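Lettering follows sequence order; numbering is per chain, from 1. Note that this is a predicted model, so its numbers are computed, not measured.
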Amino acid sequence: MEQSIKSLFPDFTSTELINEIDEVASLRDFEPGDVLIDVGGYIKSVPLMVSGLVKIIKEDEEGNELLMYYMAPGQTCTVSLTCCMSQRRSEIKAIVEEPSKMLMIPIQYMDEWMIKYRDWKNFVMNNYRSRFEELFQTIDCIAFHKLDERLVTYLKTKSTAKGTNVLQATHQDIAYDLNSSREVISRLLKQLEKEGRIKLGRNKIDVSTL
DNA sequence: ACATTAATTGTGT
DNA sequence: ACACAATTAATGT
(Lines give C-alpha, C1' and ligand atoms only; values in the text may rest on other atoms or scores of the structure.)
Protein backbone atom coordinates (compact mmCIF):
# COMPACT_ATOMS: atom_id res chain seq x y z
CA MET A 1 0.00 0.00 0.00
CA GLU A 2 2.66 2.43 1.05
CA GLN A 3 4.73 1.59 -1.98
CA SER A 4 1.84 2.00 -4.37
CA ILE A 5 1.06 5.43 -2.95
CA LYS A 6 4.67 6.43 -3.43
CA SER A 7 4.91 5.29 -7.01
CA LEU A 8 1.55 6.78 -7.99
CA PHE A 9 2.11 10.08 -6.21
CA PRO A 10 5.82 10.87 -6.38
CA ASP A 11 5.13 14.28 -4.82
CA PHE A 12 4.48 12.63 -1.48
CA THR A 13 7.87 12.38 0.13
CA SER A 14 7.31 12.39 3.87
CA THR A 15 6.45 9.11 5.51
CA GLU A 16 4.23 10.94 8.01
CA LEU A 17 1.97 12.12 5.18
CA ILE A 18 1.85 8.72 3.55
CA ASN A 19 1.05 7.07 6.85
CA GLU A 20 -1.70 9.53 7.52
CA ILE A 21 -3.19 8.99 4.08
CA ASP A 22 -3.05 5.28 4.71
CA GLU A 23 -4.88 5.83 7.97
CA VAL A 24 -7.72 8.14 7.00
CA ALA A 25 -8.33 7.33 3.34
CA SER A 26 -10.72 4.70 2.15
CA LEU A 27 -10.27 2.95 -1.16
CA ARG A 28 -13.43 3.05 -3.23
CA ASP A 29 -14.46 1.53 -6.53
CA PHE A 30 -16.38 3.37 -9.21
CA GLU A 31 -18.09 2.13 -12.34
CA PRO A 32 -18.51 3.87 -15.70
CA GLY A 33 -21.39 6.31 -15.52
CA ASP A 34 -20.96 7.04 -11.82
CA VAL A 35 -21.16 10.74 -11.13
CA LEU A 36 -18.41 11.88 -8.79
CA ILE A 37 -19.80 15.35 -8.51
CA ASP A 38 -22.57 17.22 -10.28
CA VAL A 39 -23.14 20.89 -11.01
CA GLY A 40 -24.28 22.65 -7.87
CA GLY A 41 -23.21 19.84 -5.60
CA TYR A 42 -20.99 20.00 -2.55
CA ILE A 43 -18.29 17.47 -1.91
CA LYS A 44 -17.42 15.49 1.18
CA SER A 45 -14.21 13.77 0.16
CA VAL A 46 -11.26 14.58 -2.05
CA PRO A 47 -10.42 11.72 -4.39
CA LEU A 48 -6.88 10.63 -5.20
CA MET A 49 -6.99 8.66 -8.43
CA VAL A 50 -5.41 5.24 -8.21
CA SER A 51 -6.62 3.71 -11.45
CA GLY A 52 -9.17 4.28 -14.18
CA LEU A 53 -10.30 7.43 -15.96
CA VAL A 54 -12.73 10.24 -15.16
CA LYS A 55 -13.91 12.98 -17.48
CA ILE A 56 -14.64 16.48 -16.35
CA ILE A 57 -17.32 18.34 -18.26
CA LYS A 58 -18.98 21.73 -18.14
CA GLU A 59 -22.72 21.75 -18.54
CA ASP A 60 -25.00 24.66 -19.37
CA GLU A 61 -28.64 25.25 -18.42
CA GLU A 62 -29.97 23.33 -21.43
CA GLY A 63 -27.87 20.31 -20.62
CA ASN A 64 -25.32 20.88 -23.37
CA GLU A 65 -22.04 19.36 -22.37
CA LEU A 66 -18.49 20.25 -23.16
CA LEU A 67 -15.49 18.14 -22.33
CA MET A 68 -12.95 20.04 -20.24
CA TYR A 69 -10.28 17.47 -19.45
CA TYR A 70 -9.62 13.99 -18.17
CA MET A 71 -8.48 13.04 -14.70
CA ALA A 72 -5.99 10.17 -14.68
CA PRO A 73 -4.24 8.05 -12.04
CA GLY A 74 -1.80 10.02 -9.88
CA GLN A 75 -3.98 13.09 -10.04
CA THR A 76 -6.69 14.58 -7.90
CA CYS A 77 -9.87 16.44 -8.61
CA THR A 78 -8.76 20.05 -8.58
CA VAL A 79 -12.30 21.26 -8.51
CA SER A 80 -13.13 19.36 -5.36
CA LEU A 81 -10.10 20.93 -3.74
CA THR A 82 -11.27 24.44 -4.47
CA CYS A 83 -14.76 23.45 -3.51
CA CYS A 84 -13.86 22.28 -0.06
CA MET A 85 -11.39 25.05 0.64
CA SER A 86 -13.83 27.81 -0.08
CA GLN A 87 -17.01 25.91 0.66
CA ARG A 88 -18.33 26.71 -2.80
CA ARG A 89 -20.55 24.60 -4.96
CA SER A 90 -19.23 22.80 -7.98
CA GLU A 91 -19.32 24.39 -11.41
CA ILE A 92 -18.65 21.15 -13.22
CA LYS A 93 -19.63 17.54 -13.48
CA ALA A 94 -17.29 14.59 -13.11
CA ILE A 95 -18.28 11.31 -14.73
CA VAL A 96 -16.43 8.05 -14.38
CA GLU A 97 -15.49 6.78 -17.82
CA GLU A 98 -13.63 3.59 -16.96
CA PRO A 99 -13.82 1.42 -13.84
CA SER A 100 -11.80 3.38 -11.33
CA LYS A 101 -10.33 3.14 -7.88
CA MET A 102 -9.68 6.16 -5.73
CA LEU A 103 -8.50 6.96 -2.26
CA MET A 104 -11.15 9.11 -0.66
CA ILE A 105 -9.87 11.61 1.86
CA PRO A 106 -12.40 13.39 4.08
CA ILE A 107 -12.20 17.12 3.49
CA GLN A 108 -11.63 18.00 7.13
CA TYR A 109 -7.95 17.11 6.70
CA MET A 110 -7.35 19.51 3.84
CA ASP A 111 -6.70 22.72 5.77
CA GLU A 112 -4.50 20.94 8.24
CA TRP A 113 -2.43 19.11 5.64
CA MET A 114 -1.79 22.24 3.60
CA ILE A 115 0.06 23.68 6.57
CA LYS A 116 1.44 20.53 8.09
CA TYR A 117 2.88 18.86 5.01
CA ARG A 118 4.96 20.78 2.52
CA ASP A 119 4.80 17.86 0.08
CA TRP A 120 1.00 17.85 0.19
CA LYS A 121 0.96 21.53 -0.68
CA ASN A 122 3.36 20.87 -3.53
CA PHE A 123 1.17 18.12 -4.82
CA VAL A 124 -1.88 20.35 -4.79
CA MET A 125 -0.04 23.17 -6.50
CA ASN A 126 1.45 20.93 -9.17
CA ASN A 127 -1.95 19.49 -9.78
CA TYR A 128 -3.34 22.98 -10.23
CA ARG A 129 -0.67 23.89 -12.70
CA SER A 130 -1.16 20.86 -14.92
CA ARG A 131 -4.93 21.25 -14.85
CA PHE A 132 -4.61 24.87 -15.87
CA GLU A 133 -2.34 23.97 -18.74
CA GLU A 134 -4.81 21.43 -19.98
CA LEU A 135 -7.61 23.91 -19.67
CA PHE A 136 -5.74 26.57 -21.60
CA GLN A 137 -5.15 24.06 -24.32
CA THR A 138 -8.83 23.23 -24.45
CA ILE A 139 -9.81 26.88 -24.55
CA ASP A 140 -7.31 27.54 -27.30
CA CYS A 141 -8.77 24.67 -29.25
CA ILE A 142 -12.32 25.93 -28.91
CA ALA A 143 -11.54 29.55 -29.58
CA PHE A 144 -9.07 29.33 -32.44
CA HIS A 145 -9.53 26.06 -34.22
CA LYS A 146 -12.16 24.64 -36.52
CA LEU A 147 -14.17 21.65 -35.48
CA ASP A 148 -12.21 19.23 -37.65
CA GLU A 149 -8.98 20.14 -35.88
CA ARG A 150 -10.71 19.94 -32.54
CA LEU A 151 -11.91 16.47 -33.40
CA VAL A 152 -8.40 15.32 -34.21
CA THR A 153 -7.11 16.77 -30.94
CA TYR A 154 -9.96 15.09 -29.13
CA LEU A 155 -9.15 11.70 -30.62
CA LYS A 156 -5.48 12.05 -29.73
CA THR A 157 -6.21 13.18 -26.19
CA LYS A 158 -8.66 10.41 -25.65
CA SER A 159 -6.37 7.69 -26.94
CA THR A 160 -3.48 8.82 -24.74
CA ALA A 161 -5.77 9.15 -21.74
CA LYS A 162 -7.14 5.67 -22.29
CA GLY A 163 -3.86 4.21 -23.41
CA THR A 164 -5.32 2.51 -26.47
CA ASN A 165 -5.41 3.13 -30.18
CA VAL A 166 -8.88 1.74 -30.65
CA LEU A 167 -11.43 4.04 -29.08
CA GLN A 168 -14.80 2.74 -27.99
CA ALA A 169 -17.37 5.42 -28.70
CA THR A 170 -20.32 6.27 -30.89
CA HIS A 171 -20.38 9.36 -33.03
CA GLN A 172 -23.09 10.65 -30.76
CA ASP A 173 -20.87 10.31 -27.68
CA ILE A 174 -18.18 12.35 -29.38
CA ALA A 175 -20.71 14.94 -30.48
CA TYR A 176 -21.78 15.41 -26.86
CA ASP A 177 -18.20 15.82 -25.67
CA LEU A 178 -17.45 18.43 -28.31
CA ASN A 179 -20.88 20.02 -28.01
CA SER A 180 -21.64 19.41 -31.67
CA SER A 181 -24.16 17.35 -33.59
CA ARG A 182 -23.87 13.70 -34.51
CA GLU A 183 -24.16 14.29 -38.26
CA VAL A 184 -21.32 16.74 -38.31
CA ILE A 185 -19.07 14.37 -36.38
CA SER A 186 -20.03 11.50 -38.69
CA ARG A 187 -19.09 13.52 -41.73
CA LEU A 188 -15.81 14.72 -40.29
CA LEU A 189 -14.88 11.20 -39.22
CA LYS A 190 -15.72 9.93 -42.68
CA GLN A 191 -13.48 12.59 -44.14
CA LEU A 192 -10.63 11.57 -41.84
CA GLU A 193 -11.12 7.97 -42.88
CA LYS A 194 -10.95 8.93 -46.55
CA GLU A 195 -7.69 10.71 -45.87
CA GLY A 196 -6.47 7.45 -44.38
CA ARG A 197 -5.84 8.98 -40.97
CA ILE A 198 -8.26 6.72 -39.05
CA LYS A 199 -10.26 3.53 -39.47
CA LEU A 200 -13.95 3.47 -38.62
CA GLY A 201 -16.04 0.64 -37.27
CA ARG A 202 -19.28 0.41 -35.41
CA ASN A 203 -18.67 1.78 -31.91
CA LYS A 204 -14.97 1.98 -32.51
CA ILE A 205 -12.37 4.18 -34.10
CA ASP A 206 -8.85 3.02 -34.87
CA VAL A 207 -6.54 5.94 -34.32
CA SER A 208 -3.22 4.13 -34.63
CA THR A 209 -2.36 5.84 -37.91
CA LEU A 210 -3.25 9.35 -36.80
C1' DA B 1 -29.36 -20.58 -39.43
C1' DC B 2 -32.85 -17.21 -40.06
C1' DA B 3 -35.96 -13.40 -38.92
C1' DT B 4 -36.85 -9.54 -36.01
C1' DT B 5 -35.54 -5.46 -33.84
C1' DA B 6 -32.83 -1.78 -31.89
C1' DA B 7 -28.90 1.05 -32.30
C1' DT B 8 -25.66 3.29 -35.05
C1' DT B 9 -24.15 5.50 -39.14
C1' DG B 10 -24.85 7.76 -43.86
C1' DT B 11 -26.97 11.21 -46.90
C1' DG B 12 -29.93 14.72 -49.11
C1' DT B 13 -32.35 18.75 -48.34
C1' DA C 1 -31.08 20.71 -38.07
C1' DC C 2 -34.27 17.38 -39.70
C1' DA C 3 -35.97 13.32 -41.98
C1' DC C 4 -35.25 9.15 -43.65
C1' DA C 5 -32.24 5.28 -45.69
C1' DA C 6 -28.81 1.91 -45.00
C1' DT C 7 -26.03 -0.92 -42.28
C1' DT C 8 -24.63 -3.42 -38.35
C1' DA C 9 -24.95 -5.92 -34.01
C1' DA C 10 -27.82 -8.24 -30.66
C1' DT C 11 -31.51 -11.31 -29.61
C1' DG C 12 -35.03 -14.61 -30.02
C1' DT C 13 -36.94 -18.66 -32.47
Side-chain angles (χ1 to χ4, degrees), chain A residues 28-41 43 47 49-75 77-80 89-102 131 133-210:
Chain A
R28 283 193 51 192
D29 276 290
F30 293 90
E31 293 305 316
D34 286 353
V35 177
L36 240 50
I37 183 161
D38 206 341
V39 178
I43 198 142
M49 283 279 288
V50 174
S51 67
L53 191 65
V54 175
K55 73 172 175 180
I56 311 297
I57 63 178
K58 180 90 181 71
E59 220 176 27
D60 72 6
E61 315 76 50
E62 285 114 37
N64 295 315
E65 317 185 337
L66 181 62
L67 175 72
M68 301 266 90
Y69 55 81
Y70 288 102
M71 171 166 69
Q75 301 177 339
C77 180
T78 310
V79 179
S80 49
R89 288 184 289 123
S90 171
E91 291 286 319
I92 51 87
K93 188 173 180 180
I95 301 178
V96 176
E97 182 140 315
E98 281 174 12
S100 304
K101 289 184 195 301
M102 5 207 148
R131 238 70 308 229
E133 278 166 13
E134 256 186 280
L135 251 186
F136 280 140
Q137 219 185 315
T138 306
I139 290 172
D140 177 80
C141 220
I142 296 168
F144 306 123
H145 297 281
K146 298 206 197 70
L147 188 58
D148 56 345
E149 301 176 62
R150 276 179 67 201
L151 178 59
V152 171
T153 312
Y154 170 86
L155 293 172
K156 282 180 182 164
T157 308
K158 189 154 178 163
S159 80
T160 28
K162 293 205 168 215
T164 171
N165 280 324
V166 182
L167 302 175
Q168 283 282 141
T170 70
H171 301 175
Q172 183 65 75
D173 293 336
I174 298 170
Y176 282 139
D177 281 350
L178 296 178
N179 187 28
S180 176
S181 68
R182 202 267 310 157
E183 293 92 322
V184 171
I185 298 298
S186 285
R187 286 176 169 132
L188 289 174
L189 284 172
K190 203 71 197 299
Q191 186 59 38
L192 285 173
E193 189 183 36
K194 253 194 225 142
E195 293 166 8
R197 304 182 65 185
I198 58 172
K199 277 191 184 310
L200 291 176
R202 192 188 169 92
N203 283 323
K204 65 183 162 76
I205 301 166
D206 187 337
V207 166
S208 48
T209 53
L210 196 67

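- A heavy-atom distance below 4.5 Å is not found between the side chains of A:P32 and A:E97.
- Taking atom CG on A:L188 and atom P on B:dG10, their separation rounds to 12 Å, with Å as the unit.
- Using a 4.5 Å heavy-atom cutoff, the side chains of A:L67 and A:T157 are not in contact.
- For A:R182, taking side-chain heavy atoms from C-beta onward, the closest of the listed nucleotides B:dA7, B:dG10, B:dT11 is B:dG10.
- As a whole-Å value, the separation of A:L189 CG from B:dG10 P is 8 Å.
- Using a 4.0 Å cutoff to heavy atoms of chain A, the contacted part of DNA chain C runs 5' to 3' from C:dA1 to C:dA9.
- The interatomic distance linking A:E193 (CD) with B:dT11 (P) rounds to 11 Å, in whole Å.
- Between A:H171 and B:dG10 there is a side-chain polar atom (N or O) within less than 4.0 angstrom of OP1 or OP2.
- Taking every side-chain heavy atom of A:R187 into account, B:dG12 is the closest of B:dG12, B:dG10, B:dA7.
- The phosphate of B:dT8 has neither OP1 nor OP2 within less than 4.0 Å of any side-chain N or O from A:K204.
- A:S100 places a side-chain N or O within donor-acceptor distance of the main-chain N or O of A:L53, the cut-off being under 3.5 Å.
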Side chain to side chain contact (heavy atoms under 4.5 Å, CB included) assessment of A:D38 paired with A:E59: CA-CA 9 Å; A:D38 206 341; A:E59 220 176 27; 4.3 Å; yes

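- Look at CZ on A:R202: it is 11 Å from P on B:dG10, rounded to the nearest Å.
- Although no hydrogens or angles enter the test, the distance criterion places no donor-acceptor pair under 3.5 Å between the side chain of A:S90 and the main chain of A:G40.
- We find that CD1 of A:I185 is positioned 16 Å from C1' of B:dT11, with the value rounded to whole Å.
- Separating the CD atom of A:Q191 from the C1' atom of B:dG10 is a distance of 14 Å, rounded to the nearest angstrom.
- In terms of heavy atoms, A:E65 sits closest to A:D177 at OE1-OD1, 4.3 Å.
- Side chain of A:E193 to backbone of A:L200: a donor-acceptor contact under 3.5 angstrom is found.
- The OH atom of A:Y176 sits 13 Å away from the P atom of B:dT9 (whole-angstrom rounding).
- Checked against B:dA6, B:dT13, B:dG10, the side chain of A:L200 finds its nearest nucleotide in B:dG10.
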